[in-house]
Structure formats: C-alpha cells, structure tokens
Protein chains: 2
Amino acid sequence: MGFEYKYARPALAVDCVVFGLDDEDLKILLIQRDIPPYEGQWALPGGFVRVDETLEEASLRELEEETGLQNVFLEQLYTFGELERDPRERVVTVAYYALVKMGDHRVKAATDARNAAWFSLDDATNLVFDHDKLVEAAYLRLRGKVRYQPLGFELLPTKFTLRQLQHLYETILDRSLDKRNFRKKILSMDVLIELDEVEKDVAHRAARLYRFDKQKYKRLVKQGFNFEI
Amino acid sequence: MGFEYKYARPALAVDCVVFGLDDEDLKILLIQRDIPPYEGQWALPGGFVRVDETLEEASLRELEEETGLQNVFLEQLYTFGELERDPRERVVTVAYYALVKMGDHRVKAATDARNAAWFSLDDATNLVFDHDKLVEAAYLRLRGKVRYQPLGFELLPTKFTLRQLQHLYETILDRSLDKRNFRKKILSMDVLIELDEVEKDVAHRAARLYRFDKQKYKRLVKQGFNFEI
DNA sequence: CCAAAAGTGTTTCACGTACACCCATGC
DNA sequence: GCATGGGTGTACGTGAAACACTTTTGG
C-alpha cells in the first residue's frame, strides 16, 4: 500500500487568496478548517495537488470543494517553499489569487471546511501556516497589477456605474481619486460600452451603466495600447 | 529502502534561466545534459528539490553544481505544472531567472552536465522538456520588469559607462533610445555615482564610469520614488 | 588630420492634476 | 423643496520626445 520513491519528496499543495468587493471594502474568503492540523482555525482554501491534475485544476477543485465557488478569475501568484511552513512535514505550496464578483456567488462550506466566510482584509489576520504572508503577497500583487491591467472588472458586476469603478480603484489603491479626471481617463481609453440602462433603486439620480469591452481591449492591446489608471 | 507516502506525489524540481549580456546581445546559459532523459541535448540548468532545502537553495545549488556560477541575482519566475512536461513521470518545476555579470564569471560544466555554454537568445531554441516556454516567460518578465526596477545593473560590471547602460536597455527592450533623453533621465534619478575614472583601451575619447548607488536607491524608494526608464 | 564616440540644451506637445457648479431624481 | 449623488470643462505645470553640433581622444 502507498507510493514509494527513491528520494524523499516534499508534499505539493495549492492555496487560493480569493478577493471580493462589496460596498464597504475589499474582502477575502477564508475557510474554517475541519481537519487537523489547526482544526477550527481560519485558513485560505487549498489542499494537496493530485498527481493527475495540473496546478490550476487543483486550485479550482479545492475552491469548489471547500467554498462552492466556480468560474472565477484565477492567476498564479508565487510558490512558497520554506522548510517549516507546515508542522506535519515539508510542504511546498503554489499560491494563486482569485477575483470574484461577490454578488454572483453564494459561498458555502463543504469538504474539509466547517465554515466559509468573507473577511475584511484588515480582519484576515492570524491565519494558520504562513497564510498571512500569502495574503500580503496577493494584496501587493493585486494593488500593483490593477493599475495596468483591467483586473478590476472581475470584481464588479457585468454592468456597473463609473462611481462603482472609481470606488473599486480607491479601495484597492487606498487613496481617493478625482471624479472628473477619473472619468475622463477611463472613457478616453475607449474600452467601456455605454449601455442604455441606469442603476435601479437608488434614492437619487440613477447613474448610467457600463460594460467592459474585453474584445475591444484585446484588439487595442495588439495595437500597442497600454491600460493604465 | 526508499520513502513511502499514502498518496502519489509529483516530483518537484527547479530550473534556472540565466541571463548574461556581452557586447553583442543578450545571452542565456545552457547545459548539455549528461544523464537521461535527453542525454546530450541542451537544457536549462536545474534539478530536483531536496526535502531539506528551500526552493531558492535548490536553485543556487544546481546552478553551482552544473555551471560553477555563484553569487548571482536570482528571482522566482513561475511554477510549471502541466501533466506531460517530463516523459518519465509527473514533475512540477519552479522556474527562476538569474542575472549575472558575464565578465565576472567563467562557466564550467560539472555534475550531470557534459558542457555549459552561453547562447544568444535567438539560438536558445529547441530545448528539452518545456524549457523553450520557460525561456520565453523569463525573457518576457525581464523585458517587463527592467523598465521599472533597477535590474539592469546586475548584468553590467560594477563600473560602467552610460553608453553601456543605454545599450543594455536597447538590447533588452529591442528598440533604440535617444542618447540625450536617456542620459537626462537616468542622471536626474540621482541613483548613479559619477566616478573619477574613465574607461580604458578604447580607440576614441574615453567615457566616464559610473556605479549604481543601491543604498541611495533604497532610501529613495522608501520616500516614494519610482525607478522608470 | 581623421575617425569615432563623448558630451551637451532647447522647443514642443501631450497628459496629469487641480478645481466648482448645475442637474436630475427620489422621498 | 431638499438631500443626494450624477455629470461636466478649463487652466496650469510637468515631463516625454524630437532634434544637431562641438569636443575629446587615439591612431
């Protein structure tokens, strides 16, 4: 029984830092572990890589198993290989970060997880293993990359207002932006489609809705265009 | 004898894309394999990660064992986990890229390598495994990052002329730059130390030598400075 | 004295930034 | 009619880009 190798091998895992955005701030998705070690404590969703699946497949599988999430934007972040990351044995983990439209998804705990819930980034602290470090690295990457790649749209509903988009950048970059300049800039890029629709159920003038034009963006990039906020 | 685990584990390796720069162009360091599979063919230096060393330690160890290189700039690139990367079995590899001052180092083949040699980037093709892909990814990363991080200095001698520095950017970015604007920009950043020395053995007016001031650069970064070419 | 590269300033234009008011809507 | 956020234009300054000639040195 079991698998035998000539030399000792580190175990290989994946972990996901899942970002979501609501009216208040940037959130990340944590699970409460239902198995040792650190049973009952909060951690990033993740688990061991099977020998017959790719790293990305493993991440998506673990995400669905532990939190119910599907169809998320996923990108590799960094591989953490310190010797004492895991108290059980040597475990190398490939970290991914994911961006989800929070409104579209309801999270639910499942396999190996007692509970799954969104935490404000500031409260997502004292996690098990070296997961605080992974969260920090993921946030740094997001903050750095969101300015020159159209990642932000993955966090918003398909139809959004310019206010929502500006608020997203203000939240992630942690500074305020000038409304007129922001609108001028984003509209001049010509990657938003202005819809014949306005937001609903607001106690004031309703704002126009927009969609991100992914096709057009790709075409522009091929012509040398650089997205930048 | 051997090590037994409950579940099958992928093997874990590291591979290094080592860049160097000479008068002509950008080079990468390859080894000619001296062991199966693909014995005799050209590949990136690399090998399996031991259970008691970190990923970075493994990269540095393999680099020294196979090419004799020491004291190089090293940074993690990406982790490749496709199922059929290696004909023997499932191998996940953590790729690193390295930058070396070619003049300072003499490469020599050693453990597991029949030969080690520098190749022009254009000639470093038809490598074994998925190494062509790793080289492509490393070059993309270098080209992207060299513009807003002072990576370039890792490829030059400690003392260099502005012409050499400009040539470095022209080579990596693959476009020509205006001499006056380049000098204005790099000097205005105030991260170069002008030395009381000029280059030697040139058949024309000798250019002034400079050093990169790493300490000052770090101080400036803390104050919000952004390096950018 | 000739070849080769070093070194040096100015003008123009685009873009980022700062800044304030009227308008539409729901209650 | 009032509170709330939607939507809009201009002036200024900084920095990127274009561009050519003189100086120094070695052979």
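Numbers restart at 1 for each chain; the letters A, B, ... are given by sequence-line order, proteins then strands.
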| Tell me, which of residues 171-185 of chain A have any heavy atom that sits under 4.0 Å from an atom in DNA chain C? |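 Here the set is A:D178, A:R180, A:N181, A:K184, A:K185.
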Find the distance [X]:[atom1] to [N]:[atom2] and express it as a whole number of Å.
{"X": "B:E228", "N": "D:dA16", "atom1": "CD", "atom2": "P", "result": "8 Å"}
{"X": "B:R208", "N": "D:dT23", "atom1": "CZ", "atom2": "P", "result": "18 Å"}
{"X": "A:Q166", "N": "D:dG6", "atom1": "CD", "atom2": "C1'", "result": "12 Å"}
{"X": "B:H167", "N": "C:dA6", "atom1": "NE2", "atom2": "C1'", "result": "17 Å"}
{"X": "B:N226", "N": "D:dG15", "atom1": "CG", "atom2": "P", "result": "13 Å"}
{"X": "A:L209", "N": "D:dG5", "atom1": "CG", "atom2": "P", "result": "17 Å"}

| Ring centres of B:Y139 and B:Y97 under 6.0 Å apart? |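 No; B:Y97 has its ring centre 6.0 Å or more from that of B:Y139.
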| Centres of the A:Y210 and A:F160 rings: under 6.0 Å? |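 Ring-ring flag for A:Y210/A:F160: false, centres at least 6.0 Å apart.
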| query | Between the side chains of B:D25 and B:S120, does any donor sit under 3.5 Å from an acceptor? | reply |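 There is such a pair between these side chains.
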| Would you say the side-chain atoms of B:T93 and B:D15 include a donor-acceptor pair closer than 3.5 Å? |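 Yes, because at least one side-chain N or O of B:T93 sits under 3.5 Å from a partner of the opposite role on B:D15.
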| What are the two closest non-hydrogen atoms of A:A124 and A:D132, and how far apart are they? |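 Answer, listing the atom of A:A124 first, then A:D132: O-OD1, 4.1 Å.
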| Near DNA chain D, under 4.0 Å by heavy atom, which residues of residues 187-205 of chain A? |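 Nucleic-acid contacts, sorted: A:H204, A:R205.
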| B:R143 side chain near B:L173 side chain, heavy-atom distance below 4.5 Å |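 A side-chain contact under 4.5 Å exists here.
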| Is it the case that more than 12 heavy atoms not belonging to A:K145 sit under 6.0 Å from its NZ atom? |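 Counting other residues, nucleotides and ligands, NZ of A:K145 exceeds 12 neighbours.
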| query | Atom OH in B:Y78, atom CG in A:L77: separation rounded to 0.5 Å? | reply |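 The CG atom of A:L77 is 10.5 Å from OH of B:Y78, to the nearest 0.5 Å.
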